[in-house]
Amino acid sequence: MGTGSCFPDSMLEVLREQCGQDPRVAALYAFDLRRSGECNIAAVFTDTPPWPERLELELAVARALEMERVELINLRRMPLISRYDVINRGEPIYVGDPEVLSVFIEETIVRYSAFYPLLEALYWRVETKPLAADMLPQ
């Protein structure tokens, strides 16, 4: 995906220093699920900060990345398929608590692996369903 090119190493160093001051930030991922060229940032928190503190963290991340504003998307609150895509195609740009991150990744993969066969079956059921009479060419 090449999200590493979104932010220069010098900015990432400042970001890592800033996030290192908050033990609740287990990891940050840069990702672009829509493949629009826009980098988004998602966070894995050990404990979700209250709103005012989260806003302070977002402002600090924005300053570190020299951006006007940043919204840290909480990976734990994302839909399962999006969570899986972020950890599969995104790039970890900060890891503060590798153990919390590895448990999060493992949980996501296990849940996704259990869900995927159902998703695949639904897809094939919809795709191979006979066409309704009104959809057939006359």
Side-chain angles (χ1 to χ4, degrees):
M1 181 170 110
T3 53
S5 62
C6 286
F7 309 109
D9 288 339
S10 59
M11 286 182 187
L12 292 177
E13 284 183 36
V14 174
L15 172 75
R16 291 175 185 130
E17 285 177 23
Q18 188 65 44
C19 290
Q21 297 173 15
D22 192 335
R24 293 174 294 197
V25 182
L28 293 178
Y29 272 83
F31 68 97
D32 181 11
L33 293 183
R34 290 185 230 133
R35 295 189 171 119
S36 62
E38 177 182 315
C39 283
N40 298 292
I41 300 175
V44 177
F45 295 107
T46 57
D47 182 34
T48 305
W51 176 246
E53 293 173 27
R54 183 171 170 166
L55 181 59
E56 289 293 325
L57 179 61
E58 288 176 347
L59 290 170
V61 169
R63 281 190 300 271
L65 297 176
E66 299 178 8
M67 298 174 73
E68 188 174 311
R69 61 183 158 72
V70 167
E71 178 185 358
L72 292 178
I73 300 165
N74 189 339
L75 262 173
R76 294 184 193 277
R77 294 189 178 169
M78 289 180 80
L80 179 60
I81 294 173
S82 298
R83 277 172 65 166
Y84 180 80
D85 281 346
V86 169
I87 64 172
N88 189 38
R89 293 187 293 149
E91 179 184 339
I93 56 174
Y94 169 75
V95 178
D97 193 332
E99 186 174 333
V100 170
L101 178 59
S102 65
V103 168
F104 174 79
I105 290 172
E106 183 179 354
E107 287 173 354
T108 300
I109 291 172
V110 166
R111 287 182 60 206
Y112 183 81
S113 297
F115 173 71
Y116 187 78
L118 299 172
L119 184 63
E120 186 78 8
L122 176 63
Y123 170 78
W124 283 109
R125 184 179 214 180
V126 169
E127 287 297 311
T128 59
K129 182 174 146 182
L131 293 176
D134 62 338
M135 296 181 75
L136 294 172
Q138 300 289 350

K.L.:
Does some side-chain heavy atom of Ile73 sit less than 4.5 Å from a side-chain heavy atom of Phe31?
P.N.:
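Yes, at least one pair of side-chain atoms sits under 4.5 Å.
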K.L.:
Membership question, hydrophobic clusters at under 4.5 Å side-chain separation (ILVMFWY): are Leu75 and Ile109 in the same one?
P.N.:
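Yes, it is one cluster - the side chains of Ile109 and Leu75 are joined through contacts under 4.5 Å.
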K.L.:
Return each pair, listed once, that meets side chain to side chain donor-acceptor pair (under 3.5 Å) where at least one residue sits in residues 10-30; pairs must be two or more places apart or across chains.
P.N.:
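Sorted result for residues 10-30: Asp22-Arg24, Arg24-Glu53.
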K.L.:
Are side-chain heavy atoms of Met67 and Phe7 found at a separation under 4.5 Å?
P.N.:
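Heavy-atom side-chain distance check passes, below 4.5 Å.
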K.L.:
Looking at every non-hydrogen atom in both residues, tell me the closest pair between Ala26 and Val100 and how far apart they are.
P.N.:
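Ala26 and Val100 have their closest heavy atoms at CB-CG1, 3.6 Å.
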K.L.:
With a cut-off of 6.0 Å (strictly less than), are more than 12 heavy atoms of other residues, nucleotides or ligands near CZ of Arg77?
P.N.:
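Result for CZ/Arg77: open.
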K.L.:
Test of understanding: clusters of I, L, V, M, F, W, Y form through side-chain heavy atoms closer than 4.5 Å, transitively. Do Met11 and Leu28 belong to the same one?
P.N.:
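Same cluster: Met11 reaches Leu28 through Ile, Leu, Val, Met, Phe, Trp or Tyr contacts under 4.5 Å.
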K.L.:
Considering non-hydrogen atoms only, spot the tightest contact between Arg54 and Asn74 and give its length.
P.N.:
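Smallest heavy-atom distance, with atoms named: NH2-N, 3.9 Å.
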K.L.:
In terms of hydrophobic clusters joined by side-chain contacts under 4.5 Å, are Leu12 and Leu72 together?
P.N.:
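Linked, Leu12 and Leu72 end up in one cluster.
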K.L.:
What donor-acceptor contacts under 3.5 angstrom involve side-chain atoms of residues 78-87, with partners at least two apart or in another chain?
P.N.:
residue, atom, partner, partner atom, Å
Arg83, NE, Thr108, OG1, 3.3
Arg83, NH2, Thr108, OG1, 2.9

K.L.:
First locate atom CG of Asp47, then atom CZ of Phe45, and finally report the distance between them rounded to the nearest 0.5 Å.
P.N.:
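CZ of Phe45 is found 10.0 Å from CG of Asp47.
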K.L.:
Can you find a heavy atom in the side chain of Val44 that is under 4.5 Å from one in the side chain of Ile105?
P.N.:
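No, side chains not in contact.
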K.L.:
Rounded to the nearest 0.5 Å, how far does CD1 of Ile41 lie from SG of Cys6?
P.N.:
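Going from SG on Cys6 over to CD1 on Ile41, the span is 8.5 Å.
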K.L.:
Would you check if the side chain of Glu91 reaches a backbone N or O of Ala30 as a donor-acceptor pair within less than 3.5 Å?
P.N.:
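Side chain of Glu91 to backbone of Ala30, a donor-acceptor pair under 3.5 Å: no, none is there.
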K.L.:
Does atom CD of Glu99 have more than 12 heavy-atom neighbours from other groups under 6.0 Å away?
P.N.:
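At most 12 heavy atoms, drawn from other residues, nucleotides or ligands, come within 6.0 Å of this atom.
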K.L.:
So, do Val61 and Tyr94 sit near enough that their side-chain heavy atoms are less than 4.5 Å apart?
P.N.:
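SC-SC contact between Val61 and Tyr94 ruled out.
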K.L.:
Taking only residues two or more places apart in sequence or in another chain, which ones pass ring pair (Phe, Tyr, Trp, His ring centres under 6.0 Å) with Phe115?
P.N.:
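Here no residue qualifies.
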